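Okay, so here's the structure we're looking at.
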Amino acid sequence: MTRSLRRLPPAVVQYIDHRVDGWRTGSSEGQRTVLFFLYGLSVLILMGSLIDYRTVAAAWFVVPMLFGTVTLRHRQLLMLMGWITMCVAITVTVESVNNGMTGARLSTLGAMLFVVVVLLYDSSHRRSGVPHTVSEAMLLDLRDRLQSQGTVPPLPAGWTAQSAMKFSGGARFSGDFLVATLTDDDTRLEMVLVDVCGKGVAAGTRSLQFAGALGGLIGALPPNGLFAAANSFLLRQQWDDGFATAVHVLVDLRSGDYTIICAGHPPALRWDAQSLTWEVDGARGQALGIAERPEFQQTTGTLTHGDALMFYTDGVVESRSRDFTAGIEWLRARAGEIVVADGFAEAPARIIAEVDPGDDRAILMLTRLDPSVIAAAGTASASRRPTRDHP
């Protein structure tokens, strides 16, 4: 399909792209384009039916009906259904005059009438006011924009941040999300990992709203102020089970000093390069969206070379076969084995691949690299560069 479009003149390709974009955004211009196309398709079916009704029977008008259902708003769909009804009336009337009305023809018309009623009923009860395909495209576009906002920015030399996420039941939306920001001078990194109550699409739509709110505030407010504003936002939504857990980390990338604030979230883990173990951080607090003035405990520490911090959602440590405490111990042990054996590269993805499927699950890992690792990486990079023979 893409190759075929490339063969068309640039003006035609630009016109098609413009029309498709108009439809994806639900604009009036895009709706008119689709409506006129389906009008034309209906006319072609009408002409074929008048020429040879046995080959192109009235049932063929279901095709533009179905296309209209997934592409048009309710008003435009009503117009299309009225037009198709007129076309069906014309072709059936002509055929009945020529060959008489039969029981099979009446049965077909009854089935088509039933389809029209069902499709119009479904269209009139769309809360978004746009077709399912358009609303899904808009949601996916919004999700992609917010996820790009939550991507950890490139960090200065000596630091790496990795994340991995899996959605519940193969859904495209998740209640788990990340927001992050790095100061302009690359000295302070701030990240928040959030788990909105629920899973799948229900939690995903809430997380889209919450991620947009947090993304606009992170870096502009101090950590406690950020969580206070987030708590007020959730209370105002008045969602059923509208709470969320979150963990916030602020790191000075020059010294390695960090602060962690937890709001009902599973405890963070800190990798000690000396003892080669994951230690449980002591930050605790109440989940967001429950009380008007939740209390949060803050912990501080310093990441030395080779140390790391790991944050995760409850879907990583809770399952049908493991309770919360046992899950944390499993994570400490398994993550330690992975880091000791293969280092930190792709560690979140490798860990999450071993987690039992169920709830949405996410892992975020921040590492301060050991100087020897940085030197080894630099040596490996230099060895891959082409060499030149000097005279």
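The figures here come from the full heavy-atom set of this structure, side chains too, leaving out hydrogens, waters and symmetry mates. Position 1 is the first residue of the sequence; numbering continues from there. What you are looking at is a predicted structure, and each value in this text was computed from that prediction instead of being measured.
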Check [X] against [Y] and note the closest heavy-atom contact, atom names and distance.
X: Val179; Y: Ala211; result: CG1-O, 4.0 Å
X: Leu80; Y: Gly68; result: CD2-CA, 3.9 Å
X: Met65; Y: Ile84; result: CE-CG2, 3.6 Å
X: Pro156; Y: Asp186; result: CG-O, 3.7 Å
X: Ile260; Y: Ala268; result: CD1-CB, 4.1 Å
X: Ala161; Y: Leu366; result: CB-CD1, 4.2 Å

Can you tell me how far the [atom1] atom of [X] sits from the [atom2] atom of [Y], to the nearest 0.5 Å?
X: Asn224; Y: Asn231; atom1: CG; atom2: CG; value: 12.0 Å
X: Phe311; Y: Arg270; atom1: CZ; atom2: CZ; value: 11.5 Å
X: Gln209; Y: Gln237; atom1: CD; atom2: CD; value: 5.5 Å
X: Thr245; Y: Asp195; atom1: OG1; atom2: CG; value: 4.5 Å
X: Met191; Y: Leu250; atom1: CE; atom2: CG; value: 10.0 Å
X: Leu193; Y: Met165; atom1: CG; atom2: CE; value: 7.0 Å

Handout entry: The single option from Lys166, Arg361, Arg334 passing salt bridge (Lys or Arg N to Asp or Glu O under 4.0 Å) against Glu354
Key = Arg334

Exercise for the section: Scan side-chain atoms only and decide if Asp272 and Thr277 contain a donor-acceptor pair under the 3.5 Å cut-off. Expected result: no

Problem - Polar contact flag, side-chain donor to acceptor under 3.5 angstrom, Thr325-Asp323 - result: no

Tell me whether [X] shares a hydrophobic cluster with [Y], the cluster being built from Ile, Leu, Val, Met, Phe, Trp, Tyr side chains joined at under 4.5 Å.
X: Leu235; Y: Leu217; answer: no
X: Leu364; Y: Val355; answer: no
X: Leu50; Y: Val97; answer: no
X: Met365; Y: Val247; answer: no
X: Leu66; Y: Leu44; answer: no

Taking side chain as C-beta onward, heavy atoms only, is [X] less than 4.5 Å from [Y]?
X: Pro64; Y: Ile45; value: yes
X: Asp176; Y: Val196; value: no
X: His248; Y: Leu226; value: yes
X: Val88; Y: Thr85; value: no
X: Trp271; Y: Val339; value: yes
X: Leu46; Y: Phe61; value: yes
X: Val192; Y: Val249; value: no
X: Ile351; Y: Ile338; value: yes

Determine yes or no for a side-chain-to-main-chain donor-acceptor pair under 3.5 angstrom, with [X] supplying the side chain and [Y] the backbone.
X: Tyr312; Y: Pro267; result: yes
X: Ser96; Y: Val92; result: yes
X: Trp159; Y: Leu253; result: yes
X: Ser255; Y: Asp257; result: yes
X: Gln162; Y: Phe344; result: yes
X: Thr187; Y: Thr183; result: no

Problem - Step-by-step side-chain contact (heavy atoms from CB on, under 4.5 Å) determination, Ile51 to Val56 - result: CA-CA 8 Å; Ile51 295 173; Val56 188; over 6 Å; no

Take a 6.0 Å sphere around [atom1] of [X] and say whether it holds more than 12 heavy atoms from other residues, nucleotides or ligands.
X: Trp60; atom1: CH2; result: no
X: Arg350; atom1: CZ; result: yes
X: Met47; atom1: CE; result: no
X: Phe37; atom1: CZ; result: no
X: Glu337; atom1: CD; result: yes
X: Phe67; atom1: CZ; result: no

Problem - Of all pairs that satisfy ring-ring contact (aromatic ring centres under 6.0 Å, His included), the ones with a partner from residues 250-269, not counting sequence neighbours - result: none

Handout entry: Residues Arg54, Asp52: salt bridge by 4.0 Å N-O rule
Key = no

Problem - N-O pairing of Arg188 and Asp252 below 4.0 Å - result: no

Exercise for the section: Quick one: sort the Phe177 and Phe210 rings into parallel, tilted or perpendicular, breaks at 30° and 60°. Expected result: perpendicular

Practice task
Kindly indicate, with the supporting measurements, whether the criterion side-chain contact (heavy atoms from CB on, under 4.5 Å) is fulfilled by Thr91 and Tyr53.
Solution key: CA-CA 8 Å; Thr91 186; Tyr53 188 86; 3.6 Å; yes

Please tabulate, for side-chain N and O atoms in residues 283-300, each donor-acceptor pair with protein atoms closer than 3.5 Å (sequence neighbours left out).
residue	atom	partner	partner atom	Å
Arg284	NH1	Asp281	O	2.8
Thr299	OG1	Asp281	OD1	3.0
Thr299	OG1	Asp281	OD2	2.8

Practice task
Given side-chain contact (heavy atoms from CB on, under 4.5 Å), test Leu155 with Thr160 step by step and report yes or no.
Solution key: CA-CA 6 Å; Leu155 302 181; Thr160 63; 5.7 Å; no

Practice task
Begin with the C-alpha distance, continue with both residues' side-chain angles, and end with the deciding distance and a verdict on side-chain contact (heavy atoms from CB on, under 4.5 Å) for Glu95 and Thr93.
Solution key: CA-CA 5 Å; Glu95 180 63 18; Thr93 299; over 6 Å; no

